[in-house]
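What follows is a short report on a single structure.
In each ligand, atom 1 is the first atom listed, and ligand 1 is the first ligand listed. These numbers come from a predicted model, not from an experiment.
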Amino acid sequence: MTEGRITLDELKSWLREFAQLVTDHRDELTTLDAAIGDADHGTNMERGMSAVIAGLSGDTVGELCRQAGMTLVSTVGGASGPLYGTFLLRFGSSAGDVAELDATGFAAAMRAGLDGIVARGKAEREDKTMYDALAPAVEALEAGKGDPLGVALRTAAEAADKGRDATIEMLARKGRASYLGERSIGHQDPGATSAALLVRAAATTLA
Ligand code: ADP
Ligand code: MG
């Protein structure tokens, strides 16, 4: 990724677009969670992202994302709140107190956010979690060095969708779905589904 800069306003648009997609897909996320969890992922994410959007603030990328992350941690009771909250907190710390990010800084911040999810939830590849959609997206961004930002983001969104779809055949090893053991197979993971929306929102707002 050699060209393209991402401004603070564009990052705010990213979070707004993610909130909109979460609302548009709320019932789908909840239905997926009803099959292998406790039927609250859509409402959890909508509550959290609505609070984030209502309180968007900060003059730097770091401040914006740390504020948003703390809001998610404090407004969402389920596992996803602290996990997405940690993602944003680490994203903000990696970005730092800058007014804009270049594509390399964005990829590094995404990697830091993903590392935060792993530090918090200990997910590994194919545990059937949000990690399985987000990790391929981060890898695509890192591999897209030299591509225009828009191309790298679209490739990342496709990688996230593929990762989300691949969770269907996985046996859950983390979170509530893991209580089901073999019966978790055949169902798409709700958190991987929302994570793919996060990456799709980036592709439509940051390119
Ligand atoms: P809860 O499971 O507490 O009801 P949600 O329903 O909001 O919370 O979120 C469930 C999603 O959280 C799962 O679909 C999965 O993707 C994700 N998740 C759960 N535990 C972990 C973990 N340890 N690491 C990464 N993601 C996880
Ligand atoms: Mg749930």
Query - Nearest non-hydrogen partners of Q188 and T193, listed with the distance - result: NE2-OG1, 2.9 Å
Please list, one pair per line, the donor and acceptor atoms closer than 3.5 Å that link side chains of residues 114-126 to other protein atoms, with sequence neighbours excluded.
unit_1	atom_1	unit_2	atom_2	d
K122	NZ	A119	O	2.6
R125	NH2	E139	OE2	2.7

Report task. Identify the two heavy atoms, one from K128 and one from D132, that lie closest to each other, and give their separation to 0.1 Å. Result -> N-OD2, 2.9 Å
Report task. Work out which heavy atom in S184 is nearest to a heavy atom in A172; give both atom names and the distance. Result -> OG-N, 2.9 Å
Query raised in the report: Can you count the protein N, O or S atoms that lie less than 2.8 Å from the Mg ion (ligand 2)?
Result: 3
**Report entry** S194-H41 side chain donor-acceptor pair, cut-off 3.5 Å
**Finding:** yes
Report task. List in chain and number order the residues that pass salt bridge (charged side-chain N to carboxylate O under 4.0 Å, His left out) with E17, two or more places apart in sequence or in another chain; answer none if no residue qualifies. Result -> none
Query raised in the report: Mind checking whether M170 and D189 have side chains closer than 4.5 Å, heavy atoms only?
Result: no
Requested in this report: Using a cut-off of 6.0 Å, state whether more than 12 heavy atoms not belonging to K174 lie near its atom NZ.
Outcome: yes
Requested in this report: Sort out the contact shell of ligand 1: every protein residue with a heavy-atom distance below 4.0 Å, listed by chain and number.
Outcome: D33, D38, D40, H41, N44, G78, A79, S80, L83, G121, A123, T129, M130, K174, G175, R176, D189, P190, G191, A192
Query raised in the report: Under a 4.5 Å cut-off applied to non-hydrogen side-chain atoms, are R66 and S93 in contact?
Result: yes
